[in-house]
Amino acid sequence: MSGQQLRLLIAEDVELVAEAFEALLSTEPAFLVVARVGRGDQVLPAVEKHRPDVALLDVDMPGATGIEAARLVTEARPECKVILLTALPGSGHVHRALTAGASGYLVKATTGARLIDAIKTVAAGTIVIDPQLAADALRSGPNALSEREQQILRLVDRGLTTRAIAAELFLSHGTVRNYLSTVMTKLDARSRVEAVRAAHHRGWL
């Protein structure tokens, strides 16, 4: 193995997509894929074990989101650069991705040549953001939801009722209802489900 090769980790829960990424990146002589995982909570252990230079993380994975995994990696192994990949062109997670320490944020529909170039650019210390995702982030602005509001919406997303959320967070039923009312107003949503969908779309959840 050449000392100039960049060591890569791929985190993607859809096996066919993971295989496609590995096949593509393995054709580049400057790259060496050293690990592949399918869950967000497997990312940091794999980074600790294989010491990749760049980790490519799917935003939506079981166990932990790509953004959560990115935060853990950049805190524990800051020398490992992280690129987040999303399947949703309208996804607005750019603010959260950068806050988590990611150096790249791209749509999966990007070309192979652009992905390869992005990996090399990020490894050299430059941040790479898909232009459309960057434009969407500027339009949506920073996250308007508080940490508690995000926490409650995540529990709604898991299917918990208002009373179950109150019990989970040791809050009163009325307090949770007030939080949800505020959240729906901020997101211009008519229901809790619509609020969750809107928050995901803006990258606020």
First locate atom CG of Leu16, then atom CZ of Phe21, and finally report the distance between them rounded to the nearest 0.5 Å.
-> 11.0 Å
Just jot down the salt bridge (charged side-chain N to carboxylate O under 4.0 Å, His left out) partners of Glu68, sequence neighbours excluded, or say none.
-> none
Where is the tightest heavy-atom contact between Lys120 and Ala30, given as atom of each residue plus distance?
-> CE-CB, 4.2 Å
Ala102: partners by side-chain contact (heavy atoms from CB on, under 4.5 Å), with sequence neighbours left out | Val82, Leu84, Ala97
Under 3.5 Å donor-acceptor pairs involving side-chain atoms of residues 109-118, not counting sequence neighbours:
residue : atom : partner : partner atom : Å
Thr111  : OG1  : Arg114  : N            : 3.1

Does the side chain to side chain contact (heavy atoms under 4.5 Å, CB included) test come out yes or no for Leu85 and Val59, once each step is laid out?
-> CA-CA 6 Å; Leu85 299 166; Val59 169; 5.9 Å; no
Between Ser26 and Ala23, is there a donor-acceptor pair closer than 3.5 Å when you use the side chain of the first and the backbone of the second?
-> no
Mind listing the closest non-hydrogen atom pair of Ala195 and Met184 along with its distance?
-> CB-CG, 4.0 Å
Under the side chain to side chain donor-acceptor pair (under 3.5 Å) test, which residues partner Thr74, sequence neighbours left out?
-> none
Output yes when a side-chain donor or acceptor of Asp53 lies under 3.5 Å from a complementary backbone atom of Leu6, and no otherwise.
-> no
Euclidean distance, His200 NE2 relative to Asp157 CG, rounded to 0.5 Å = 3.5 Å
Between Ala35 and His50, what is the shortest heavy-atom contact and its length?
-> CB-CD2, 3.5 Å
By side-chain contact (heavy atoms from CB on, under 4.5 Å) - contacts of Gln150 (at least two apart) = Asn143, Leu145, Glu147, Arg154, Leu205
Quick one: does Leu8's side chain get under 4.5 Å of Val34's, heavy atoms only?
-> no
Quick one: do Met61 and Ile83 end up in the same hydrophobic cluster if we chain Ile, Leu, Val, Met, Phe, Trp and Tyr together by side-chain heavy atoms under 4.5 Å apart?
-> no
Point-to-point distance, once rounded to the nearest 0.5 Å, from OG1 of Thr182 to CZ of Arg177 | 12.5 Å
List the steps and the verdict of side chain to side chain contact (heavy atoms under 4.5 Å, CB included) for Leu9 and Val54.
-> CA-CA 6 Å; Leu9 176 144; Val54 180; over 6 Å; no
Just jot down the side chain to side chain donor-acceptor pair (under 3.5 Å) partners of Arg51, sequence neighbours excluded, or say none.
-> none
With rounding to the nearest 0.5 Å, note down the distance linking CG in Leu57 to CD1 in Ile10.
-> 10.5 Å
Under 3.5 Å donor-acceptor, Gln151 side chain and Arg148 backbone | no
Transitive ILVMFWY side-chain link Val17 to Ile119, under 4.5 Å | yes
Value for CD1 (Ile67) from CG (Asp58), rounded to nearest 0.5 Å, stands at 10.5 Å
Pairs flagged by salt bridge (charged side-chain N to carboxylate O under 4.0 Å, His left out) wherever residues 12-27 is involved - sequence neighbours left out = Glu12-Lys108, Glu15-Arg36, Glu22-Arg36
Side chains of Glu48 and Pro45 in contact at under 4.5 Å (non-hydrogen atoms) = no
Salt bridge (charged side-chain N to carboxylate O under 4.0 Å, His left out) partners of Glu75, counting only residues at least two apart | none
For Ala189 and Glu194, work out which heavy atoms get closest and say how close.
-> CA-OE2, 3.4 Å
Could you go step by step and tell me if Val176 and Leu155 meet the side chain to side chain contact (heavy atoms under 4.5 Å, CB included) rule?
-> CA-CA 11 Å; Val176 173; Leu155 293 175; over 6 Å; no
Which pair of heavy atoms, one from Ala46 and one from Pro52, lies closest together, and at what distance?
-> O-CD, 4.5 Å
Of all residues at least two apart in sequence or in a different chain, which pass the side chain to side chain donor-acceptor pair (under 3.5 Å) check with Arg39?
-> Asp41
Residues in side-chain contact (heavy atoms from CB on, under 4.5 Å) with Ser181, at least two apart?
-> none
Does some side-chain heavy atom of Leu180 sit less than 4.5 Å from a side-chain heavy atom of Val156?
-> yes
Side-chain touch Asp60/Thr65, heavy atoms, less than 4.5 angstrom | no
In Å, rounded to the nearest 0.5 Å, how long is the span from OG1 of Thr86 to OH of Tyr105?
-> 4.5 Å
Listing, residues 158-172 side-chain donor-acceptor contacts under 3.5 Å, not counting sequence neighbours, or none:
residue : atom : partner : partner atom : Å
Thr161  : OG1  : Ala164  : N            : 3.1
Thr162  : OG1  : Arg192  : NH1          : 3.2
Ser172  : OG   : Thr175  : N            : 3.0
Ser172  : OG   : Thr175  : OG1          : 2.7

Can you tell which of Leu25, Val122, Leu106, Val33 makes a side-chain contact (heavy atoms from CB on, under 4.5 Å) with Leu56?
-> Leu25
Any chance you could lay out the side chain to side chain contact (heavy atoms under 4.5 Å, CB included) test for Ile129 and Leu98, step after step, and finish with the verdict?
-> CA-CA 10 Å; Ile129 305 295; Leu98 294 178; 4.0 Å; yes
Counting distance only, does the side-chain N/O of Gln5 pair as donor-acceptor with the main-chain N or O of Phe31 below 3.5 Å?
-> yes
Would you say Glu28's side chain and Leu24's backbone share a donor-acceptor pair under 3.5 angstrom?
-> no
Partner residues of Arg197 under the side chain to side chain donor-acceptor pair (under 3.5 Å) criterion, sequence neighbours left out = none
